[in-house]
Amino acid sequence: MQTEVIAITSKDDEELKRAGAVIRAGGLVAFPTETVYGLGGNALDADASRRIYAAKGRPSDNPLIVHISDFSQVYMLAEDVPETARKLADAFWPGPLTMILPKSELVPETTTGGLQTVALRMPNHPAALGLIEQAGVPIAAPSANRSGRPSPTTAAHVFEDMNGKIPIILDGGEVEIGVESTIVDLTGEKPMVLRPGYISRKMLQEVLETEVELDPAIVVKTVKACEPETKVTNEAAETKGPNGAAETKNLNGEPDPQKPSGAAATKEPEAEAQHLRPRAPGMRYRHYAPKAPLILVQGPAEAVTAYILKQIEEEKNKPIGVLCSAQTAHVYKDARRVVVAGAFGDLPALAHNLYADLRDFDEVDIDRIYAEDFGIAEDANLKEALENRMMKAAGGHIVTVG
Ligand code: TXA
Ligand code: MG
């Protein structure tokens, strides 16, 4: 199949009619949103959803987000529309917020991965809204990457992953935010964030005037303090604890493809996390992974830099990549690839650049990547979102220094 890339400049662009017709006929169209690019198909057509899973190489039990262009569609797609949903829509739609509600009969289980709930979002992008209107149906769309790859933030990223698999990619330039929408589950007693994003829990709480929880299974726990001689010895980042035992941090306690077997593995997070399964199925998979293993180095900025420099020095024969801030980039002279994610502490820039940066590392042959933690500040809006994405890119491999 020939994949056509079509530039879209406004919601009324003529080309959106043609793309909308492709969706209506059961085909797939990739389109920009304010968060990341989506791979869209008719949400009410089980065959279209199957085509989405196939094009992404995605497990079919991982549900799709249904994108709408008008709030009235919520009543059609959800069995029950609580007051909280209306309040949040008033405050944040169109925008980077997805709400989980009980699904109506209209939504096929193929779209919801077999669940009786549906994820709904009204994206804030003229091309996305225009496409949904022209299609005349709600559009199911996961991020338009091959499963396990970083989400696409440009049409070129989509082309890399989807060329030959879909007929049309709508090009709206670089996305604005760069990390996926916040997912809030409104089906429980208390609203719960299943995936952190640009809309923080604080922002949700202010509108709902009630506590909003974070899915306990994705809470990022602080690793135990360790000695400065922390050393990476294998594919996984291991740290020597005060008792000399190696510690490996693994997000969610899920089986970890990068974790070395034997003595290096720790039991620490597993006992507790075994029964904590993330509620959003997609959060259970390894994600956003560059080809080379990525190790996140946390701690005071100077200690982080010193640690990474030491690794580069010690592993001189191996090509190393570093993801760092503009302030520290110049010190990593001997690294094979240095990618600057933005100014230290500039979380919007880090979010905006992160996935493109991870793809950038895939273009060179490197053994491993060390990522600085950028001082992801305590009270910043994007804190939980970035911690979560960095953890995922690292497959849970974190070294704490200083
Ligand atoms: O920003 C975004 O949300 C982007 C753009 C394209 O809109 N979309 C996106 O879709 O990130 P995707 O498929 O890559 O991620 C959807 C996440 C997955 O983790 C999935 O498991 C979860 O939403 N999800 C979807 N429906 C759900 C449901 N009914 N209950 C719980 N989680 C659900
Ligand atoms: Mg995705």
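Order of appearance sets the numbers: ligands from 1, and atoms from 1 within every ligand. The model shown is predicted, which means the values in this text are computed figures rather than measured ones.
- Checked for salt-bridge contact, R18 and E4 meet the test: a charged N lies under 4.0 Å from a carboxylate O.
- Numbered from 1 in the order shown, with element, the atoms of ligand 1 that lie under 4.0 Å from a heavy atom of H67 read 5 (C), 6 (C), 7 (O).
- Listed by atom number, the atoms of ligand 1 under 4.0 Å from R195 heavy atoms are 2 (C), 3 (O), 9 (C), 11 (O), 15 (O), 16 (C), 17 (C).
- Atom OG of S325 sits about 4.5 Å away from atom CD of E372, to the nearest 0.5 Å.
- Note: S60 OG to E109 CD = 12.0 Å, rounded to the nearest 0.5 Å.
- Between the Mg ion (ligand 2) and S143 there is an N/O/S contact shorter than 2.8 Å.
- With ligand atoms numbered from 1 in the order given, ligand 1 contributes 25 (C), 26 (N), 27 (C) to contacts under 4.0 Å with heavy atoms of A119.
- The nearest non-hydrogen atom to atom 27 (C) of ligand 1, considering only A280, P142, P63, comes from P63.
- For T35 and R121, the side-chain atoms include at least one donor-acceptor pair closer than 3.5 Å.
- Under a 4.0 Å criterion applied to the non-hydrogen atoms of S181, ligand 1 contributes the atoms 1 (O), 2 (C), 3 (O).
- Applying the 4.0 Å criterion to heavy atoms of G38 picks out, from ligand 1, the atoms 6 (C).
- Under 4.0 angstrom from ligand 1, the non-hydrogen atoms of T117 come from both its backbone and its side chain.
- Only the backbone of R279 comes within contact range of ligand 1, with a heavy atom under 4.0 Å; no side-chain atom does.
- Of the N or O atoms in R121, one or more lie within a sub-3.5 Å distance of an N or O in ligand 1.
- Not a single N or O atom of T33, backbone or side chain, sits closer than 3.5 Å to an N or O atom of ligand 1.
- The NZ atom of K103 sits 14.5 Å away from atom CG of D80, with the distance rounded to the nearest 0.5 Å.
- Atom numbering of ligand 1 starts at 1 in the shown order; those under 4.0 Å from a heavy atom of N62 are 18 (C), 20 (C), 21 (O).
- For K103, the closest heavy-atom approach to ligand 1 does not fall below 4.0 Å.
- For T187 and T117, the side-chain atoms include no donor-acceptor pair closer than 3.5 Å.
- Contacts of I183 with ligand 1, taken as heavy-atom pairs under 4.0 Å, involve the side chain alone.
- In summary, R201 and E211 do not engage in a salt bridge, as defined by a charged side-chain N under 4.0 Å from a carboxylate O.
- Interatomic distance, R195 CZ to T182 OG1, rounded to the nearest 0.5 Å: 8.0 Å.
- Side-chain contact of T98 with S181: a donor-acceptor pair under 3.5 Å is present, judged by distance alone.
- Between the side chains of S72 and D70, a donor-acceptor pair is found at a separation under 3.5 Å.
- Residue E180 has no N or O atom closer than 3.5 Å to an N or O atom of ligand 1.
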Practice problem: Walk me through it: do S151 and E180 pass the test side chain to side chain donor-acceptor pair (under 3.5 Å)? | Solution: CA-CA 8 Å; S151 296; E180 305 84 345; 2.5 Å; yes
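- Every atom of ligand 1 with a heavy atom of L115 under 4.0 Å away is listed here by number and element: 28 (C), 29 (N), 30 (N).
- At least one heavy atom of V36 sits closer than 4.0 Å to an atom of ligand 1.
- Proximity of R58 to ligand 1, defined as any heavy-atom pair under 4.0 Å, is confined to the side chain (atoms from C-beta onward).
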